[in-house]
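Before any comments, here is the structure.
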Amino acid sequence: MKIGIIGPNTLKNASKRQLEERKNNLSKVAEIISKLGFEIVLTPDKKSLLEFFGKEYLGFKGKKIWIVAPMEDDAEKYLNLKIGQIINCNNWYRQPSKFSEESDLYLCIGYSPGVLSEIGASGYFNPKKIIVIRDFISSKLPSEIEYSLKIEYVFLKDLEKSLKI
């Protein structure tokens with residue numbers, strides 16, 4: 001099973017302490033996913049939280065990383081393409097739908113504008129369950145959005161139990 005990891009590449013206005021806490025929690029998530037033997041799907045910006053997550057996952061002997069990248073656009077400029085196998089989505093416009101096609105389940109590690117487009121695409125391209133880690137968000141999604149999607153909110157301490165499928 002391939003888990004699409006969706007979340008912000010950066011935390012705007014985060015303090016150094018908040019950033020370290022986020023990285024510590026991301027490391028815990030990476031350990032759980034690698035221990036359970038899942039492959040992951042990422043679109044990791046260089047020097048980002050998603051790149052950090054991918055490196056942590058590999059450090060815990062994670063199985064495989066798939067990188068959804070717009071190779072006909074400027075993927076090399078923005079993404080770390082060296083940490084996994086590339087799946088070409090051609091351009092940025094197609095990234096959310098290709099990301100959804102390649103993922104069996106989403107694990108949301110925070111919100112950003114890009115995450116919202118990936119969540120939206122998940123309802124149409126290979127519809128899937130979305131597990132949102134509550135420790136990484138300020139609030140649940142509006143009920144109008146939740147209504148048409150399969151969303152489960154869990155705390156980090158309960159993540160492993162939720163992923164045992």
Side-chain angles (χ1 to χ4, degrees), residues 1-69 75 77-87 95-96 99-100 102-122 128-142 145-146 149-165:
M1 177 183 290
K2 294 191 291 189
I3 297 180
I5 307 298
I6 58 174
N9 274 297
T10 61
L11 291 180
K12 305 280 188 214
N13 302 319
S15 69
K16 187 175 182 178
R17 183 192 61 75
Q18 290 170 320
L19 190 57
E20 287 306 312
E21 182 180 328
R22 176 65 63 106
K23 285 183 173 182
N24 183 50
N25 284 336
L26 288 174
S27 184
K28 291 175 186 176
V29 174
E31 182 177 16
I32 291 167
I33 292 173
S34 63
K35 181 174 89 172
L36 294 174
F38 295 116
E39 296 180 7
I40 63 171
V41 182
L42 288 176
T43 301
D45 281 5
K46 293 175 182 174
K47 298 181 182 178
S48 70
L49 292 171
L50 290 177
E51 177 188 57
F52 172 82
F53 181 89
K55 288 179 177 180
E56 290 291 295
Y57 168 83
L58 291 174
F60 288 115
K61 308 289 187 244
K63 196 172 183 180
K64 187 168 191 168
I65 296 178
W66 298 92
I67 298 174
V68 176
K77 181 177 178 181
Y78 295 104
L79 303 178
N80 180 342
L81 302 174
K82 296 176 182 166
I83 62 172
Q85 184 171 332
I86 296 169
I87 298 170
Q95 186 275 343
F99 197 93
S100 185
E102 296 296 332
S103 303
D104 299 308
L105 176 135
Y106 274 177
L107 182 61
C108 179
I109 55 175
Y111 297 144
S112 72
V115 168
L116 295 179
S117 65
E118 290 165 336
I119 287 173
S122 75
K128 67 197 48 50
K129 180 178 177 181
I130 303 164
I131 297 175
V132 179
I133 301 176
R134 295 206 47 159
D135 307 68
F136 294 126
I137 61 169
S138 59
S139 65
K140 291 183 175 183
L141 292 168
I145 294 173
E146 286 186 3
L149 300 170
K150 300 175 210 164
I151 297 181
E152 176 185 350
Y153 295 92
V154 301
F155 287 100
L156 179 54
K157 66 181 180 61
D158 301 317
L159 178 62
E160 187 170 349
K161 184 172 38 175
S162 291
L163 288 173
K164 288 187 176 176
I165 300 166

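Values below: all heavy atoms of this structure, side chains included; hydrogens, waters and symmetry mates excluded.
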**OP:** Take I83 and F53 through the side-chain contact (heavy atoms from CB on, under 4.5 Å) test and state the conclusion after the steps.
**Re:** CA-CA 11 Å; I83 62 172; F53 181 89; over 6 Å; no
Subject >> Evaluation steps, side-chain contact (heavy atoms from CB on, under 4.5 Å), between L105 and L163 >> reply: CA-CA 10 Å; L105 176 135; L163 288 173; 4.1 Å; yes
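Heavy atoms of other residues, nucleotides or ligands lying less than 6.0 angstrom from NZ of K46 number more than 12. A 6.0 Å sphere centred on NZ of K2 holds more than 12 heavy atoms belonging to other residues, nucleotides or ligands.
Listed for the Y106 side chain is no donor-acceptor partner under 3.5 Å among the backbone atoms of V132. Looking only at distances, a side-chain donor or acceptor of S34 sits under 3.5 Å from a matching main-chain atom of E31. Remark: side-chain polar atoms of D45 are not paired, donor with acceptor, to backbone N or O of N9 under 3.5 angstrom.
With rounding to the nearest 0.5 angstrom, the CG atom of L36 is 7.5 Å from the CD1 atom of I3. Here Q85 contributes atom CD and I67 contributes atom CD1; the two are 9.5 Å apart, rounded to the nearest 0.5 Å. Annotation: the span from I130 atom CD1 to I151 atom CD1 amounts to 4.5 Å, rounded to 0.5 Å. Taken from CD1 in I87 to OG in S103, the straight-line distance is 8.0 Å, to the nearest 0.5 Å. Atom CZ of R134 sits about 8.0 Å away from atom OH of Y153, to the nearest 0.5 Å. Here the CG atom belonging to D158 is positioned 10.5 Å from the CD1 atom belonging to I133, to the nearest 0.5 angstrom.
Salt-bridge check for E20 with K16: failed, with every basic side-chain N at 4.0 Å or more from each acidic carboxylate O.
Minimum interatomic distance between F52 and K23 (heavy atoms only, all atoms of both residues): CE2-O, 3.3 Å. Contact between V154 and L159 at its shortest, heavy atoms only, is CG2-CD1, 4.3 Å. I5 and F99 make their closest contact through O-CZ, 3.7 Å (heavy atoms, listed as atom of the first residue, atom of the second, distance). Heavy-atom minimum distance, I131 versus K129: CG1-CE, 3.9 Å. Taking every heavy atom of both residues into account, Y57 and K64 meet most closely at OH-N, 3.1 Å. Minimum heavy-atom separation, L42 to G54: CD1-CA, 3.8 Å.
Side-chain atoms of F60 and I33, non-hydrogen and from C-beta on, never get closer than 4.5 Å to each other. With contacts defined as side-chain heavy-atom distances shorter than 4.5 Å, the pair R22/L49 qualifies. Between T43 and L50, every side-chain heavy-atom pair lies at or beyond the 4.5 Å cut-off.
Residues that satisfy the salt bridge (Lys or Arg N to Asp or Glu O under 4.0 Å) test with K55, not counting sequence neighbours, are E51.
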Distance-only donor-acceptor hits, side chain of residues 109-122, under 3.5 Å, sequence neighbours excluded:
unit_1	atom_1	unit_2	atom_2	d
Y111	OH	S139	O	3.2
S112	OG	G114	N	3.4
S112	OG	V115	N	3.2
S117	OG	G114	O	2.7
E118	OE2	Q95	NE2	2.9
S122	OG	I119	O	2.5

